[in-house]
Amino acid sequence: MSNIGSYDQRIKGFSWSIAEKELDYQQDGDINIGWYCSDRICRQGKGDKLALIWQGATGNEKRYTYNDVRRASNTIAKYLVDLGIHPGDRVCLFMDKIPELYIGLVGILKSGAVAQPLFSAFGDEALLLRLKDAQTSAIITQRKHAGKVRNILSQLPCLEHVIIVDYDGKKPLQEREKAFSLEDMPPVEDFESYPAKAETHSMLHYTSGTTGQPKGVKHVHDSLVSQYLTTKWVLDLRDDDIYWCTADPGWVTGTSYGVIGPWSLGVTQCVTDIGFSADNWYAFIEKQRITVWYSAPTAIRSLMKAGDEVVKKYDLSSLRHLVSVGEPLNPEAVVWSQKVYGKPFHDSYWQTETGSIMISNYPGMEIKPGSMGKPFPGITAAILDPINYEPISEPGVVGLIAFQPDWPARMRTYWNNEATFQNKFRNGWYLPGDRGRLDKDGYFWFVGRDDDIINTAGHLVSPFEVESALLEHPAVAESAVVAKPDEINMEVVKAFVALKPGFAASDDLELNIMNFIRKKLSPLAMPQEIEFVDSLPKTRSGKIMRRLLHAREWGEAIGDTSTLEDNE
Ligand code: PRX
């Protein structure tokens with residue numbers, strides 16, 4: 001029997017108080033996520049249970065019990081407080097998937113500061129933009145990434161502390177840098193976690209917008225209520241599970257379900273920094289006896305491509321439940337996983353802003369391959385018509401995916417950007433920016449984004465950001481960036497560029513432009529291809545029509561072109 005039991009029974013009379021009771025949380029009481037993920041589990045008598053099994057690239061392992069996580073996160077929290085970090089200050093985590101990243105998140109939350117995780121592959125400018133916007137006070141990083149921080153430090157007067165977790169003493173520490181080693185610091189047995197209330201700011205995740213720079217998504221400690229229950233009912237985590245979430249905590253999946261969900265349930269989780277290959281991943285599952293696996297469609301498609309034979313080399317019989325997130329999960333992947341692993345991947349749909357899973361296929365419920373499943377109990381979801389923003393009752397009609405705006409993990413606003421936040425609502429509904437349809441059985445089907453955002457391998461890329469970077473190059477007159485189909489990543493980034501007079505298209509120029517924008521963009525946002533064109537299609541008012549270029553790449557009908565400049 002799964003944790004959720006009968007979905008139909010669960011949705012009847014559902015209330016989030018189910019989770020609140022299990023968490024012993026009283027309205028208006030304290031709800032510090034960091035405390036819930038460590039101290040509370042120890043109080044339940046699970047202090048000696050493994051919280052984290054970490055496997056490095058060479059197969060080396062580190063193991064942490066809940067008591068270890070409790071003490072180590074106390075040490076980090078106390079260190080931050082002693083440095084003068086105040087509740088509400090932003091503290092950035094900028095590390096590879098090492099234990100300090102996971103334990104550091106718990107420590108920051110315990111201190112009352114706001115955790116701002118950023119993907120460690122970000123370059124100087126991507127980092128600068130996000131630290132400047134958040135007015136971040138401290139960054140916790142590794143030696144290998146400290147150089148990027150040094151390059152931008154002079155532009156960040158607010159960033160008072162650069163904390164290096166693996167300082168080896170070989171080179172002198174530079175301005176504002178501090179060495180902090182969990183192994184060398186005396187463990188702190190007792191630390192009074194900051195008495196966070198439901199609405200106390202907890203996390204700041206950055207996500208791409210359509211028209212502006214990346215936006216900070218503000219979450220609060222109350223998100224624990226949704227994250228705890230969705231982990232229990234969607235990921236079906238139980239006390240004896242060994243869980244693996246493949247996502248990097250630079251993104252929301254890696255925090256909501258790579259730290260908070262499993263640890264608030266007191267489950268053992270495994271993490272590896274090893275690079276992707278079918279052999280690496282299967283060997284990891286075999287060695288750690290993984291039971292529940294939360295991954296993403298691009299990885300599943302890559303495993304499919306690696307073939308069925310490699311699966312047979314490994315004992316994957318420990319796997320009990322498989323879940324996917326981040327991009328459309330194609331039906332073939334569901335059917336294939338059933339064939340080779342004996343278990344289907346269950347799709348789950350949500351986004352940074354929702355903070356927790358919104359629509360999913362639940363264990364025990366019939367899966368329709370290609371469908372995202374049904375709304376989580378307590379979530380009111382609908383497909384709206386895009387003109388009046390009223391729910392469409394007729395099955396099969398494509399419209400806007402929408403949610404009634406109240407569940408504990410929903411974002412509270414965009415950081416310093418309340419207007420953009422308000423603009424996400426229509427007629428009382430929250431719009432995530434996606435299109436979908438609903439079938440007669442109440443299953444939701446994903447159709448596509450409702451904006452120009454590109455989802456490449458599960459990472460959202462704003463065309464605006466890439467175009468802005470291109471326009472800074474001296475040879476570029478105008479540019480338009482769209483998604484191009486790709487077998488594994490579903491979509492990749494393609495740039496169209498018109499050159500200024502005096503510049504001629506060439507392979508050398510393409511390389512030169514690529515190298516120029518590489519410094520400004522996250523590696524995931526880099527175009528796979530630049531196509532030089534004489535001019536770009538524009539509306540009569542001069543707006544570049546990405547839609548036409550997109551349709552061409554996807555072999556779709558171009559649609560209404562009556563507003564095109566060339567038609568005049
Ligand atoms: O477009 C949807 C797509 O990813 C977006 C959210 O991206 P992000 O905020 O980076 O969070 C990703 C991890 C939760 C959504 O608006 N998306 C997410 N899950 C699915 C999906 N598209 C199709 N099917 C999904 N299961």
Side-chain angles (χ1 to χ4, degrees), residues 117-119 203-210 214-219 223 226-227 230-231 234-235 245-258 260-261 294-301 322-331 333-334 344-362 367-376 379 381 383 398 400-403 407 409-411 414 424 430-437 443-463 465 483 489-491 522 524-525:
L118 290 178
F119 185 45
M203 308 275 306
L204 192 62
H205 278 288
Y206 274 77
T207 186
S208 295
T210 343
K215 300 169 300 211
V217 176
K218 177 180 170 179
H219 286 295
S223 66
S226 305
Q227 288 154 350
T230 47
T231 304
V234 179
L235 302 178
C245 170
T246 61
D248 189 300
W251 280 279
V252 73
T253 308
T255 56
S256 291
Y257 299 104
I260 303 171
Y294 196 22
S295 200
T298 291
I300 302 165
R301 285 189 290 269
L322 319 179
V323 191
S324 161
V325 66
E327 320 150 59
L329 179 64
N330 35 323
V334 178
F345 263 98
H346 294 69
D347 197 7
S348 69
Y349 165 92
W350 57 294
Q351 57 174 190
T352 309
E353 287 88 337
T354 70
S356 63
I357 294 166
M358 302 301 278
I359 297 178
S360 182
N361 286 287
Y362 305 91
I367 295 183
K368 295 192 187 188
S371 151
M372 302 191 292
K374 296 189 177 187
F376 190 77
I379 301 292
I383 300 294
V398 175
L400 305 174
I401 298 177
F403 301 106
W407 64 95
R410 79 196 139 80
M411 76 164 150
Y414 288 119
K424 297 287 288 189
Y430 169 74
L431 302 181
D434 291 313
R435 286 178 298 127
R437 61 188 164 81
Y443 283 73
F444 282 75
W445 298 73
F446 185 84
V447 172
R449 291 278 320 172
D450 187 49
D451 51 27
D452 293 332
I453 287 193
I454 300 163
N455 187 339
T456 176
H459 301 295
L460 302 188
V461 175
S462 153
E465 250 186 287
N489 299 297
M490 201 67 134
E491 297 185 340
S522 122
L524 303 157

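One is the number of the first residue; the rest follow in order along the sequence. First listed ligand is number 1; within each ligand, the first listed atom is number 1.
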**Student:** Distance check, rounded to the nearest 0.5 Å: Lys368 atom NZ versus Trp445 atom CH2?
**Tutor:** 6.5 Å
**Student:** Over all heavy atoms of both residues, which pair between Pro344 and Ile367 is shortest? Give the atoms and the distance, please.
**Tutor:**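 What the structure gives for the nearest pair is CG-CD1, 3.7 Å.
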**Student:** Quick test: of every protein heavy atom, which one is nearest to atom 13 (C) of ligand 1, and how far off is it to 0.1 Å?
**Tutor:** Thr253 OG1, 3.3 Å
**Student:** Measuring from non-hydrogen atoms of Gly326 to any atom of ligand 1, is the shortest distance under 4.0 Å?
**Tutor:**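 Contact check Gly326 vs ligand 1: positive.
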**Student:** Under 3.5 Å, is there a donor-acceptor pair between the side chain of Glu491 and the main chain of Asn455?
**Tutor:**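 At least one qualifying donor-acceptor pair exists.
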**Student:** For ligand 1, which is the ligand I care about here, please tell me if Glu327 has any N or O atom under 3.5 Å from one of the ligand's N or O atoms.
**Tutor:** yes
**Student:** Under a 4.0 angstrom heavy-atom cut-off, which atoms of ligand 1 come close to Pro328?
**Tutor:** 22 (N), 23 (C), 24 (N)
**Student:** N/O to N/O below 3.5 Å, does that happen between Gln351 and ligand 1?
**Tutor:** yes
**Student:** Backbone, side chain, both or neither: what part of Tyr349 comes under 4.0 angstrom of ligand 1, heavy atoms only?
**Tutor:**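 For Tyr349, the contact with ligand 1 is made by both the backbone and the side chain.
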**Student:** Report yes or no: does a heavy atom of Asp434 sit under 4.0 Å from some atom of ligand 1?
**Tutor:**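 Yes, Asp434 has a heavy atom closer than 4.0 Å to ligand 1.
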**Student:** Parallel, tilted or perpendicular for Tyr257 and Tyr294, by the 30°/60° rule?
**Tutor:** perpendicular
**Student:** Check for me whether Trp350 has a heavy atom closer than 4.0 Å to any atom of ligand 1.
**Tutor:** yes
**Student:** Rounded to the nearest 0.5 Å, how far apart are CG of Asp434 and CG of Leu400?
**Tutor:**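 Here the interatomic distance stands at 9.5 Å.
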**Student:** Is ligand 1 under 4.0 Å from a heavy atom in the side chain of Ser348, in the backbone, in both, or in neither?
**Tutor:** backbone
**Student:** Judging by distance only, is a nitrogen or oxygen of Glu353 under 3.5 angstrom from one on ligand 1?
**Tutor:**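 Between Glu353 and ligand 1 (N or O atoms, distance only) the closest approach is not under 3.5 Å.
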**Student:** Could you identify the single nearest non-hydrogen protein atom to atom 8 (P) of ligand 1 and state the distance to 0.1 Å?
**Tutor:**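 Here the nearest protein heavy atom works out to Thr352 OG1, 3.5 Å.
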**Student:** Distance-only, no hydrogens or angles: does the Ser324 side chain make a donor-acceptor pair with backbone N or O of Ala296 under 3.5 Å?
**Tutor:**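 Not a single qualifying donor-acceptor pair exists.
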**Student:** Does Leu329 approach ligand 1 within less than 4.0 angstrom via side chain, backbone, both or neither, non-hydrogen atoms only?
**Tutor:**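 Answer for Leu329: neither.
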**Student:** Is it true that Glu327 and Arg301 make a salt bridge, defined as a side-chain N closer than 4.0 Å to a carboxylate O?
**Tutor:**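 Looking at Glu327 and Arg301, the cut-off is met.
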**Student:** Write out the residue and atom name of the closest protein heavy atom to atom 7 (O) of ligand 1, then the distance separating them to 0.1 Å.
**Tutor:** Leu460 CD1, 3.3 Å
**Student:** Which atoms of ligand 1 are found less than 4.0 Å from any heavy atom of Asn455?
**Tutor:**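 With Asn455 as reference, the close atoms of ligand 1 come out as 3 (C), 4 (O).
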**Student:** What are the two closest heavy atoms between Val252 and Gln351, and how far apart are they?
**Tutor:** CG1-C, 4.4 Å
**Student:** State whether the side chain of Thr230 and the backbone N or O of Gln227 hold a donor-acceptor pair below 3.5 Å, judged by distance alone.
**Tutor:** yes
